[in-house]
Amino acid sequence: MDLRIFTEPQQGADYDTLLTVARATEELGFDAFFRSDHYVSMGAGDGLPGPTDAWITLAGLARETKRIRLGTLMTAGTFRLPGVLAIQVAQVDRMSGGRVELGLGAGWFEEEHRAYGIPFPKERFGRLEEQLAIVTGLWETEVGKTFNYSGEYYQLTDSPALPKPAQARVPVLIGGHGASRTPRLAARYADEFNIPFASVEDSERQFGRVRAAAEAAGRPADDLVYSNALVVCVGRDDAEVARRAAAIGRDVDELRANGLAGSPAEVVDKLGRYAEIGSSRVYLQVLDLDDLDHLELISARVQSQLG
């Protein structure tokens, strides 16, 4: 099972903090560094010193890391026009030498749209479907040919469809809990399906829906990677677990029930339960970005046991 580090910088982190975590991610042998795409903090935190843009951050990290994959869970479709997003991701992919992955979602947090004057349309899922068609279509268009698209929300005319990513295909991640439209979109466009903050049982049901949608679309179900995103809180003993839970304002019992919390052995055991239902990759939501010892512990005592 691959373990990836997943951060929420809107809760309070500048670029230097993210760079430190990304470098630790690389040095400790994790597979990837991912981040959210939000502009306003959630909950009681003040979010200081203020938001960092996801793709500007990843562009910087592309030049300051060498091995790890880089991406978003999830880029908000409401923040960027699809043609511009295709250019941004392709450029960062080239800057990284072909290490970028695009998680793309519809956008959901209305408050941050109001805060920064970003339109928050009522119909976002239909826009997401067109965005996926445009971004992937631009990348797939042969050099020297043009791309055209006429949709309900977006129209492109004689686009040169440049630049191209370094990778022949940038992996696209689609995720969520939706029972019908989300699996259908994943079956059509995704290389990976991710379900965030879900139990083993709910994950198994949603993976089943995606697998069925893929087969209905004439695609092998195993053609997709199936993954989870889960908050992580690991300690060498109960006191260390409690200290880390308090640092992120969470209850230990709640974290044990809804995330990956407890001793390394407990977390390895729970990861095994996710692996049994088909999850081959887990994004560890790390909320205290100053606690690098936490990452070291996970690397040494959890990741080392996963094979």
Handout entry: Test item: side-chain donor near acceptor, T157 and N148, under 3.5 Å
Key = no
Handout entry: D269 and R256: CA distance, side-chain angles, deciding distance, salt bridge (Lys or Arg N to Asp or Glu O under 4.0 Å) verdict
Key = CA-CA 12 Å; D269 179 68; R256 277 195 165 100; over 6 Å; no
Problem - Modelled atom types, side-chain donor and acceptor of E64 and Y15, under 3.5 Å - result: yes
Exercise for the section: Check whether any side-chain heavy atom of F120 lies under 4.5 Å from a side-chain heavy atom of E112, and answer yes or no. Expected result: no
Exercise for the section: Ignoring hydrogens and angles, tell me if any N or O in the side chain of S299 forms a donor-acceptor pair with the backbone of L295 under 3.5 Å. Expected result: no
Problem - Exceeds 12 heavy-atom contacts within 6.0 angstrom, atom CZ of R188 - result: no
Handout entry: Sidechain-backbone polar pair: R219 side chain, A187 backbone, donor-acceptor under 3.5 Å
Key = yes
Problem - Side chains of S280 and M1 in contact at under 4.5 Å (non-hydrogen atoms) - result: no
Practice task
Tell me yes or no: between the side chains of Q91 and R94, is some donor less than 3.5 Å from an acceptor?
Solution key: no
Exercise for the section: Flag yes if F34 and V231 sit in one hydrophobic cluster, no otherwise; membership is Ile, Leu, Val, Met, Phe, Trp, Tyr, and two members link when side-chain heavy atoms are under 4.5 Å apart. Expected result: no
Exercise for the section: Would you sort out whether E8 and Q10 count as a side chain to side chain donor-acceptor pair (under 3.5 Å), showing the intermediate values? Expected result: CA-CA 6 Å; E8 302 273 6; Q10 76 277 359; 2.9 Å; yes
Practice task
Give a yes or no answer on whether the side chain of Q155 reaches the backbone of G151 with a donor-acceptor pair at less than 3.5 Å.
Solution key: yes
Problem - Candidate list R69, R281, Q303, test side chain to side chain donor-acceptor pair (under 3.5 Å), partner D2, passing option - result: R281
Exercise for the section: Salt-bridge test for K145 and E142: reply yes if a basic N is under 4.0 Å from a carboxylate O, no otherwise. Expected result: yes
Practice task
Check whether any side-chain N or O of R99 sits under 3.5 Å from a backbone N or O of T65 as a donor-acceptor pair, and report yes or no.
Solution key: yes
Problem - For Y153, the option from R124, E129, E130 that meets side-chain contact (heavy atoms from CB on, under 4.5 Å) - result: E130
Handout entry: For W139 against A90, the heavy-atom pair lying closest together
Key = NE1-CB, 3.9 Å
Practice task
Go through the side-chain N and O atoms of H113 and T78 and say whether any donor and acceptor fall under 3.5 Å apart.
Solution key: yes
Exercise for the section: List the steps, then state whether salt bridge (Lys or Arg N to Asp or Glu O under 4.0 Å) holds for E240 with R244. Expected result: CA-CA 6 Å; E240 192 167 78; R244 289 201 163 107; 3.3 Å; yes
Exercise for the section: Find out if a path of hydrophobic residues (ILVMFWY) with successive side-chain heavy-atom gaps under 4.5 Å connects V210 to F197. Expected result: no
Handout entry: Derivation of the salt bridge (Lys or Arg N to Asp or Glu O under 4.0 Å) call for D222 and R211
Key = CA-CA 8 Å; D222 290 338; R211 296 178 73 88; 2.6 Å; yes
Problem - Residue pair Y283 / L3, side-chain heavy-atom distance below 4.5 Å - result: no
Problem - D53 versus Y39, side-chain donor and acceptor atoms under 3.5 Å - result: yes
Practice task
Answer with yes or no whether the side chains of W55 and T75 bring together a donor and an acceptor at under 3.5 Å.
Solution key: yes
Exercise for the section: Please check if the side chain of E266 supplies one atom and the backbone of A261 the other of a donor-acceptor pair under 3.5 Å. Expected result: no
Handout entry: Residues R250, E254; criterion salt bridge (Lys or Arg N to Asp or Glu O under 4.0 Å); working and verdict
Key = CA-CA 7 Å; R250 301 281 286 270; E254 179 268 323; 2.9 Å; yes
Completion exercise
Only one of V89, D37, L85, T72 passes side-chain contact (heavy atoms from CB on, under 4.5 Å) with L104, and that residue is L85
Problem - Backbone of G77 reached by a side-chain donor or acceptor of Q131 within 3.5 Å - result: yes
Problem - V282 side chain near R4 side chain, heavy-atom distance below 4.5 Å - result: no
Problem - Heavy-atom closest pair, residues D93 and A166 - result: OD2-N, 2.9 Å
Exercise for the section: Determine, for D288 against R243, whether the closest basic-nitrogen to carboxylate-oxygen distance falls under 4.0 angstrom. Expected result: no
Exercise for the section: Apply side chain to side chain donor-acceptor pair (under 3.5 Å) to R35 and T52, showing your working. Expected result: CA-CA 10 Å; R35 59 156 293 162; T52 52; 2.8 Å; yes
Problem - Expected output: side-chain Q285 to main-chain T7 donor-acceptor under 3.5 Å - result: no
Completion exercise
Rounded to the nearest 0.5 angstrom, the CD-CD1 distance for E110 and I118 is 12.0 Å
Practice task
Evaluate side chain to side chain donor-acceptor pair (under 3.5 Å) for E192 paired with S227, printing each intermediate quantity in order.
Solution key: CA-CA 7 Å; E192 177 177 338; S227 65; 2.7 Å; yes
Practice task
Decide yes or no for V40 and Y116: does some side-chain heavy atom of the first lie under 4.5 Å from some side-chain heavy atom of the second?
Solution key: yes
Problem - H294 (side chain) donor-acceptor with G235 (main chain) under 3.5 angstrom - result: no
